[in-house]
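Okay, so here's the structure we're looking at.
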Amino acid sequence: MQEKVKSGSRNVAIVGPYLSGKTTLLESLLFVTGAISRKGSCKEGNTVGDSSTEARARNMSVEVSAASTKYEDTNFTFIDCPGNVEFAQETYNALIGVDAAIVVCEPANDRVLTLAPLFKFLDDWEIPHIIFVNKMDRANNHVIEVLNALKTVSSRPLVPHQYPIMQGEALTGFIDLVSEQAYLYHSGAPAQQIPLPEELKAEERAAREDMLEALADFDDHLLEKLLEDIEPPQEEILKDLKLELGADLVVPVFFGVAEQDYGVRPLLEALIQEAPEPETTAQRRQLGQNVNTPIAQVLKTYYTPQGGKISLVRVWRGTLTDGMVLNGVRAGGIYRLTGQQQKLLRKAEAGEIVALSRLDNIYTGDTLSIDKESVKELPKAESLRPVYALAIAPEHRKDEVKLSSAIGKLLEEDPSLAWEQHGDTHEVILWGQGEIHLQVALDRLRRKYNLPMSTHMPQVAYKETIRKPVDSIHGRYKHQSGGHGQFGDVYLDIKPLPRGEGFNFKQTIVGGVVPKQYIPGVETGVREFLSNGPLGFPVVDVAVTLTNGSYHSVDSSEQAFKQAARAAMQTGMPKCKPTLLEPVLQVKVNTPSEFTSKVLQLLSGRRGQILGYEAVGNWQGWDSITAYLPKAEMQDFIVELRSQTLGVGSFSWEYDHLQEVPDKLADRVLAMNGDGNGNSNGNGK
Ligand SMILES: Nc1nc2c(ncn2[C@@H]2O[C@H](COP(=O)(O)OP(=O)(O)OP(=O)(O)O)[C@@H](O)[C@H]2O)c(=O)[nH]1
């Protein structure tokens, strides 16, 4: 059976660097297409895109937001994505479900690098995208310079689609490079056609040639025409634009002023004429077969303030109907979203992006179907590794029981968060992508779950070891309190072990001087002592051997031998030169190569040990640096890394080993944590 798809629709993500004007562009798209009758503004905090409390409080998008509208018989669903790098996971999760993306940027040559990670994601996933150079009311760089700067960060060739008409630094109109017709913008009305300005003819011709040459690189027929100096027909240019944009081979460039709706109608026209239809996208993802069994994918999960769950899904195949059971869960209802407004639908067809309610135990990225076993899981965006942590605790102790369920929901909404209860420090650690990201998460905990939290910097999970062996350390426990007493008596050898070997316990008792049944007590006593050594931290890489001892036939017990072993450890360990150890991570930093030397300095300044660096294989102009970095130096590493690299540097990490803390630093740590002689160290001694 031939599948019925909605060809008159487009799903388009609006992406781009922080504050480039994405939410403003969405507002303009909705206004121009009549979905809203009055435009909100970011300053007043009343836009459709930034409708959540957390977004309004910060004047920035902190999660994706969907809005549907219609223009010239085409149904559009736009997804406004956050630009701040700390919310990149939101953008990536949504991007895998769209047919095309509009990359909104500013005409600022010195900041084009901020687009590089986004372009990389779009090209890795081959997502067709158009550039919209916004804020052309304040363009202090010439358009050609802007194009040239953009070309340095895009691996795909850029194709200028328009030539802007400027008055000083402000955009007043454009020449469409396909039709070679010129238009003048008017506030609140469609652009008016004007004769091609004489003084721009040469520049327009050059830009058009640039466009045609880029297109001809993928079309021999067009190339032949250009070589023979034959003017190609408009249909051929449009056909090439559509084919080559659809395959993510070229990137058309438009110019505009979202605040004044300039350039917004041409953008809509281009999306209709040139962006791929939903079924084309489905076919490219091998989901276009003539099968009607529905397949959908979750692009985002929301919890409403009332606790209801909403999953934003892309329908890749078939039709979703009201009350359908997907992955074993009956969906509560199908809705079309515009910001926080929901419109109930009876069904959603292939190619639509809609919201489903009450999909319990279904997560962002999941593939949905009526028969999960027979459907292959669709690829999902890679999860970003958390790079910034805070220790958190409920402000009110009574809230502790609510915490894990609230954090569970928080993580469902935002998969780039993570949490752990640290085994050594017992702190609850919330992990995320940066300071703002965690503050937004904490705001949500307070507002949605009524869970105000206090925070502090997480403690470093220091450990300690010893440098020197000692032999035959005596420990005795003798207690007489009426009845029968307590007696245990041991001699222990204590020895350092190579790094990473942990702990081992042996005994070399001969002649039963310590009877077998008491030996486990000795081991327990040693272990208990080592959980909190002389410096106040868990002790590792130590071997303890029970060599000798004595017992009393009535008064000895396992408990008494445990106490005796503790006493021996208490005496022996301070003689073994206890040393502080710190966790060391292996980090891999990605940075544009122009910042590599700065990043190397940054790492060395934080006691990092550089292991090497090399060019990133499939990312021109980027380096990858590998280094060991003490965990104590990681806390705000991401903050500095971003500030040194225009915000685009990133790193991943994993725990690698423990190493001795340099003496001076160890003194400082011990002074802050107590001196191990009974003062508090936060480790529960
Ligand atoms: N001059 C000028 N300012 C604009 C234009 N478009 C947006 N802005 C302003 O730029 C700022 C950021 O706009 P937003 O639409 O919130 O940007 P955004 O890209 O959605 O921001 P994030 O999603 O937080 O990255 C606001 O102050 C807007 O008023 C424009 O065309 N010209």
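When a ligand or atom number is given, it counts from 1 through the structure's own listing order.
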Checklist entry - Between Lys448 and Asp443, is there a side-chain N and carboxylate O pair less than 4.0 Å apart? => result no
Checklist outcome for this item: shortest atom 10 (O) of ligand 1-to-protein heavy-atom contact is with Lys135 NZ, 3.1 Å
Checklist entry - Is any NZ, NE, NH1 or NH2 atom of the basic residue among Lys39 and Glu259 found under 4.0 Å from an Asp or Glu carboxylate oxygen of the other? => result no
Item to check | Stepwise side chain to side chain contact (heavy atoms under 4.5 Å, CB included) test for Ile237 and Met211 | outcome: CA-CA 9 Å; Ile237 303 174; Met211 169 184 79; 4.0 Å; yes
Item to check | Aromatic plane relationship, Phe87 with His437 - under 30° parallel, 30 to 60° tilted, over 60° perpendicular | outcome: perpendicular
Next on the checklist: Just by distance, no angles: are the side chains of Thr338 and Ser68 close enough, under 3.5 Å, to form a donor-acceptor pair?
Outcome noted: no
Next on the checklist: Let's go through Phe174 and Tyr185 carefully: what are the C-alpha distance in whole Å and the side-chain angles of both, what is the deciding distance for ring-ring contact (aromatic ring centres under 6.0 Å, His included) to 0.1 Å, and is it a yes or a no?
Outcome noted: CA-CA 8 Å; Phe174 71 98; Tyr185 286 125; 5.5 Å; yes
Item to check | Cationic N near anionic O, under 4.0 Å, Asp99 to Arg284 | outcome: no
Checklist entry - How far is atom 16 (O) of ligand 1 from its nearest protein heavy atom, and which residue and atom is that? => result Cys42 SG, 3.0 Å
Item to check | Under 3.5 Å: donor-acceptor pair, side chain of Thr33, backbone of Leu30 | outcome: yes
Checklist entry - Nearest protein heavy-atom contact for atom 32 (N) of ligand 1: which residue, which atom, what distance? => result Asp137 OD1, 3.1 Å
Next on the checklist: Please report whether ligand 1 has a polar contact with Gly256, defined as an N or O pair separated by less than 3.5 Å (distance criterion only).
Outcome noted: no
Checklist entry - Is it true that the NZ or CZ of Lys309 lies under 6.0 Å from the centre of Tyr363's six-membered ring and within 45 degrees of the ring axis? => result yes
Next on the checklist: Could you walk me through whether Asn93 and Gln89 satisfy the side-chain hydrogen bond (donor to acceptor under 3.5 Å, both in side chains) test, starting with their C-alpha distance in whole Å, then the side-chain angles of each, then the deciding distance to 0.1 Å, before giving a yes or no?
Outcome noted: CA-CA 6 Å; Asn93 291 343; Gln89 185 85 56; 3.2 Å; yes
Item to check | Protein residue, atom and distance nearest to atom 27 (O) of ligand 1, heavy-atom basis | outcome: Lys43 CE, 3.8 Å
Item to check | Arg138: numbered ligand 1 atoms lying under 4.0 Å from its heavy atoms | outcome: 1 (N)
Checklist outcome for this item: min-distance protein heavy atom vs atom 13 (O) of ligand 1 -> Thr24 OG1, 3.5 Å
Checklist entry - Which of the atoms of ligand 1 are close to Tyr18, meaning less than 4.0 Å from one of its heavy atoms? => result 24 (O), 25 (O)
Checklist outcome for this item: Within 4.0 Å of some non-hydrogen atom of Thr23, the atoms of ligand 1 are 15 (O), 18 (P), 20 (O)
Checklist entry - Which of the listed options, Leu25, Leu19, Asp261, holds the heavy atom that is closest to atom 12 (C) of ligand 1? => result Leu19
Checklist entry - Would you call Arg138 and Glu106 a salt bridge, taking side-chain N to carboxylate O under 4.0 Å as the test? => result no
Checklist entry - Heavy-atom distance to atom 17 (O) of ligand 1: which of Gly21, Gly16, Pro17, Ser28 wins? => result Gly21
Item to check | Protein contact of atom 9 (C) of ligand 1 - nearest heavy atom, named by residue and atom, plus distance | outcome: Glu259 OE2, 3.8 Å
Checklist entry - What protein heavy atom is closest to atom 19 (O) of ligand 1, reported as residue, atom name and distance in Å? => result Lys22 NZ, 2.7 Å
Checklist entry - Relative to the heavy atoms of Gly83, which atoms of ligand 1 are at a distance of less than 4.0 Å? => result 22 (P), 23 (O), 25 (O)
Item to check | Polar atom proximity, Ala258 to ligand 1 (N or O, under 3.5 Å) | outcome: yes
Item to check | Minimum-distance protein heavy atom relative to atom 6 (N) of ligand 1 | outcome: Asn134 ND2, 3.2 Å
Checklist outcome for this item: One finds that the ligand 1 atoms under 4.0 Å from a non-hydrogen atom of Ser61 are 22 (P), 23 (O), 24 (O)
Checklist outcome for this item: Within 4.0 Å of some non-hydrogen atom of Met60, the atoms of ligand 1 are 24 (O)
